[in-house]
Amino acid sequence: MSNNDIQKNLLLKLLRCDTAEKIREFMDTELYFAQGNWQPYGGFSNNTGVINGQMKEAENSLIEKITNSIDAILMRKCQELGVDPKDQSKAPKDMEEAIDLYFGGREEIRKKRSEFAKQMIRVTAEGKRDKPTITIIDGGEGQTPDAISKTILSLQQEIKKKIRFVYGTYNQGGSSALGFCHGSGNTVNYVQLVLCRRAQTISDKKTDSACFGFTIVRSRYDEEGGNFTYEYFVDKDNKIPRISFNEPIRISGYNFSEG
């Protein structure tokens, strides 16, 4: 079995885990994860204060996740027109202008809300009612495997600082949900699966990987530091795991291909 097939098989198994208990059992028994490494979320190990100190309510953290999906969709739309979202001379000056330009205004969105929702953002919940596994899928710009650590798994970087038509500008709100994710262990808890593929309509075919990239985020008690830290999985070569794109991946009844 090729390395690509091994990683695809692991990803499909992860997607079938709908509780923290199943994730823990799976991670503890797979040799592939034992052979890999873990990198600090955001690039620094003392990240718990930044991640856990943002929100008092879990609902607000979930909204932050959806907000990031909206930002990603708007940035994709901008790039599909050949405009760099950071180019303030050409990109929309605010979200209202972006909505008018890309969707024909808020009234048009209201008319086609169901259609847009099916195409662009899906939120599902499964597993236990009191501790559901929540999946958010968007049709945004997506990221290549090598870019995931610099974007989705980064903290306090100026990724969107010059983009005037998005909500998220501080590069930390998307991580706030991690503090409300409950695992099944005392010292190690697996709290989030990240899966991405760069939208092919804006991908640089000469340099960008067309692969899916995926990783697991966990919280771990650091005995040396005396505190929990958040970190994400990389393979033995310190790279985000990736699989070739041959067909969409089925997630919660949806065929995911990019975003």
Side-chain angles (χ1 to χ4, degrees), residues 1-36 38 41 62 65-66 68-69 72 117-145 147-149 151-153 174-175 177-178 180-185 188-200 209-219 230-235 239-259:
M1 184 179 292
S2 68
N3 188 54
N4 184 79
D5 290 337
I6 291 173
Q7 293 188 340
K8 183 176 182 179
N9 185 49
L10 292 172
L11 174 60
L12 294 177
K13 287 181 178 179
L14 280 169
L15 290 170
R16 288 195 288 269
C17 295
D18 60 359
T19 66
E21 289 75 14
K22 291 179 182 179
I23 287 285
R24 168 169 288 281
E25 181 179 345
F26 175 72
M27 296 292 291
D28 287 348
T29 57
E30 287 293 335
L31 180 61
Y32 177 82
F33 294 108
Q35 294 174 333
W38 295 86
Y41 194 112
L62 177 58
K65 285 287 190 185
I66 298 172
N68 280 347
S69 290
K118 290 178 182 178
Q119 295 175 352
M120 299 178 188
I121 301 180
R122 298 171 65 93
V123 181
T124 62
E126 59 185 332
K128 297 181 178 180
R129 182 178 293 274
D130 60 334
K131 294 181 181 179
T133 295
I134 298 175
T135 302
I136 301 173
I137 303 173
D138 68 58
E141 61 175 350
Q143 301 295 338
T144 63
I148 290 175
S149 61
T151 52
I152 296 172
L153 302 175
S175 67
L178 299 174
F180 296 98
C181 297
H182 302 287
S184 60
V188 174
N189 293 297
Y190 301 101
V191 293
Q192 182 173 274
L193 169 66
V194 176
L195 171 63
C196 276
R197 181 170 179 255
R198 186 67 169 169
Q200 295 302 286
S209 167
C211 294
F212 288 106
F214 72 96
T215 187
I216 285 283
V217 178
R218 74 180 186 182
S219 65
Y230 289 91
E231 50 195 14
Y232 63 91
F233 179 81
V234 292
D235 64 20
K239 291 183 175 294
I240 293 285
R242 64 204 65 198
I243 60 176
S244 300
F245 176 80
N246 296 313
E247 59 184 1
I249 293 176
R250 193 74 171 169
I251 307 174
S252 301
Y254 176 75
N255 288 326
F256 176 72
S257 60
E258 57 186 22

Using every non-hydrogen atom in the two residues, find where [X] and [Y] come nearest and quote the distance to one decimal.
X: Val217; Y: Leu153; result: CG2-CD2, 3.9 Å
X: Ala210; Y: Phe245; result: O-CB, 3.6 Å
X: Phe214; Y: Gln7; result: CZ-O, 3.6 Å
X: Ile152; Y: Cys196; result: CD1-SG, 3.1 Å
X: Thr135; Y: Glu126; result: OG1-OE2, 4.4 Å
X: Tyr41; Y: Leu178; result: CE1-CD1, 3.6 Å

Show every donor-acceptor pair shorter than 3.5 Å between a side-chain atom in residues 249-259 and any protein atom, with sequence neighbours excluded, or say none if there are none.
residue: Arg250; atom: NH1; partner: Gly253; partner atom: O; Å: 3.3
residue: Arg250; atom: NH1; partner: Asn255; partner atom: OD1; Å: 3.0
residue: Arg250; atom: NH2; partner: Gly253; partner atom: O; Å: 3.1
residue: Ser252; atom: OG; partner: Thr124; partner atom: OG1; Å: 3.4
residue: Glu258; atom: OE1; partner: Gln200; partner atom: N; Å: 2.9
residue: Glu258; atom: OE2; partner: Arg76; partner atom: NH1; Å: 3.3
residue: Glu258; atom: OE2; partner: Arg76; partner atom: NH2; Å: 2.7

Strictly by salt bridge (Lys or Arg N to Asp or Glu O under 4.0 Å), give each pair with a member in residues 131-142 just once, sequence neighbours left out.
Glu141-Arg198
Applying side-chain contact (heavy atoms from CB on, under 4.5 Å), name anything that partners Thr29, two or more places apart in sequence or on another chain.
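Thr29 satisfies side-chain contact (heavy atoms from CB on, under 4.5 Å) with no residue once adjacent residues are dropped.
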Can you list every ring-ring contact (aromatic ring centres under 6.0 Å, His included) pair that touches residues 2-30, not counting sequence neighbours?
Phe26-Phe33
In Å, rounded to the nearest 0.5 Å, how long is the span from [atom1] of [X] to [atom2] of [Y]?
X: Asn246; Y: Phe212; atom1: CG; atom2: CZ; result: 9.0 Å
X: Ser2; Y: Lys8; atom1: OG; atom2: NZ; result: 10.0 Å
X: Tyr190; Y: Cys17; atom1: OH; atom2: SG; result: 12.0 Å
X: Ile243; Y: Asn3; atom1: CD1; atom2: CG; result: 11.0 Å
X: Ile216; Y: Leu14; atom1: CD1; atom2: CG; result: 4.5 Å
X: Arg122; Y: Ile66; atom1: CZ; atom2: CD1; result: 13.5 Å

With sequence neighbours left out, write down each residue that passes salt bridge (Lys or Arg N to Asp or Glu O under 4.0 Å) with Lys13, or none if nothing qualifies.
Glu30
Could you work out, with salt bridge (Lys or Arg N to Asp or Glu O under 4.0 Å) as the rule, every residue matching Asp5, not counting sequence neighbours?
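Result, salt bridge (Lys or Arg N to Asp or Glu O under 4.0 Å) vs Asp5: none returned.
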Should the pair Tyr32 and Phe233 be assigned to parallel (<30°), tilted (30 to 60°) or perpendicular (>60°) ring geometry?
tilted
Any chance you could lay out the side chain to side chain contact (heavy atoms under 4.5 Å, CB included) test for Ile134 and Val123, step after step, and finish with the verdict?
CA-CA 7 Å; Ile134 298 175; Val123 181; 4.1 Å; yes
Checking Tyr232 against Ile240 for the side chain to side chain contact (heavy atoms under 4.5 Å, CB included) test, could you report, in this order, the C-alpha distance in whole Å, the side-chain angles of both residues, the deciding distance, and whether it holds?
CA-CA 9 Å; Tyr232 63 91; Ile240 293 285; 3.8 Å; yes
Within the distance-only criterion (no hydrogens, no angle test), does the side chain of Gln143 pair as donor or acceptor with the backbone N or O of Ile148 below 3.5 angstrom?
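No.
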